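Since the model is a prediction, treat every value here as computed from it, not as a measurement. Atoms within each ligand, like the ligands themselves, are counted from 1 in listed order.
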Amino acid sequence: MAVGQATAVAPANIAFVKYWGVQDAALTLPYNESISMNLDRCLTTTSVQFDSGLETDEVVLKLHGQNELVAAGRPLERVVAQLDRVRSLANVQSRARVRSTNNFPSDAGIASSAAAFAALTTAAATALGLQLSDQELSVLTRRSGSGSACRSIPSGFVHWRNDGTDQGSYAGSVAPPTHWALADVVAVVDPGVKSVTSADNHRLVATSPYFAVRLQEVAGRVDQALTAIRDRDLGQLGIICEGDAVSMHVVAMTAQPPTFYWNAGTMAVIHALRRWRNEGLFGYFTIDAGPNVHVICDQRAAAEMDNRLRSLPEVQFTIVNGPGPGARVIEAGASAMRAEGSRQE
Ligand code: PMV
């Protein structure tokens, strides 16, 4: 018998100041705070239906450009573990049917797991009638293991605060999407699945001699990024984005074992951006745990930036994003109605 169902949409997000390194892996507590923007065009939609007649959780994934697949192994375990956290809060035993689709390439440095776990947690909590504030939902989402997913819960420009405690590590909005007409033009140089997950590398940070240096710098960058967002100062935000991305990747490249996420296409885009800046077209790079480059620019420059990026032989395709809202419930079944609250659109 069905005991509750809901469907939620959540965005990927791009970090201007990165989360890189976990100090408590069981609770997904980061070493440092981070700053991000939700992406309005990179979305995951997830339906969760709890059913007391089911013996196990059933998870079907429809990833971008791929056939439907029934999740198994580690991806299934991670979904079940997150459903268990939601069930335990709601004091419910029923297993669930989960169906998740996304409209952008997975596992290529476009934060697909962030969108996925934010949508899953929002849908599951709503389906089970949990009345959670944004802060509580962000904490619950963070515990999924994909920490950056907690930043896909609030709207627009987001600050993941962290005082090193479970309840004090959550994301909140610092400005709505309408605050700043910024663009993230994602230049996809390799849509393939990355070989080393960020989860592995979050545990390895302390093996890099440069991690201590990163930690010294990063708190200042968080404050500077907040000021740059407040003042809509692209030049300042660009310096912060590029510096923080390089710092994160230096740590990855010098950890034991090291990871080199960048490829020749990544470098080609970085050099092109520097050339174009000298010509008066201002775009700044940031790069997550993959080779693809996120180009941060003014929305008025986005069409020109997009054309130029697509003209580079190394760029396979682009995705032009603006700032977007956070996770939201788009549909909830009768038994979940009391959970709709403020998150229902
Ligand atoms: O949340 P995770 O475990 O997928 O790690 C995210 C790591 C980066 O995307 C590289 C940085 C970030 O803050 O989003």
| Would you say Ala199 touches ligand 1, if touching means a heavy atom closer than 4.0 Å? | no

| request: List every atom of ligand 1 that sits less than 4.0 Å from any heavy atom of Ala289, numbering the atoms from 1 in the order shown and giving each element. | output: 10 (C)

| request: With heavy atoms only and a cut-off of under 4.0 Å, state how Ala15 meets ligand 1: side chain, backbone, both or neither. | output: side chain

| Sidechain N-carboxylate O distance under 4.0 Å for Glu279, Arg275 | no

| query | Does atom CZ of Arg85 have more than 12 heavy-atom neighbours, drawn from other residues, nucleotides or ligands, at distances under 6.0 Å? | reply | yes

| said: So, regarding His202 and ligand 1 (criterion: nitrogen or oxygen to nitrogen or oxygen, under 3.5 Å), is there a contact or not? | reply: yes

| said: For the backbone of His179 and the side chain of Arg232, can you confirm whether one donor and one acceptor N or O come within less than 3.5 Å of each other? | reply: yes

| query | Which atoms of ligand 1 are found less than 4.0 Å from any heavy atom of Met248? | reply | 10 (C)

| request: Return yes when Ser113 approaches ligand 1 closer than 4.0 angstrom through a heavy atom, no otherwise. | output: yes

| request: Tell me, please: is Ala114 in heavy-atom contact with ligand 1, that is, under 4.0 Å? | output: no

| Heavy atom under 4.0 Å from ligand 1: found in Ser198's side chain, backbone, both, or neither? | side chain

| request: Answer yes or no: does atom CZ of Arg274 have more than 12 heavy-atom neighbours from other residues, nucleotides or ligands under 6.0 Å? | output: no

| said: Would you call the rings of Tyr31 and Phe211 parallel, tilted or perpendicular, taking 30° and 60° as the class edges? | reply: perpendicular

| query | Distance-only, no hydrogens or angles: does the Ser173 side chain make a donor-acceptor pair with backbone N or O of Ser155 under 3.5 Å? | reply | yes

| query | Should Asn13 be counted as touching ligand 1, given the test is an N or O pair under 3.5 Å? | reply | no

| task | May I have all residue pairs that pass salt bridge (charged side-chain N to carboxylate O under 4.0 Å, His left out) and include part of residues 9-30, sequence neighbours excluded? | result | Lys18-Asp288

| said: For ligand 1, which is the ligand I care about here, please tell me if Ser34 has any N or O atom under 3.5 Å from one of the ligand's N or O atoms. | reply: no

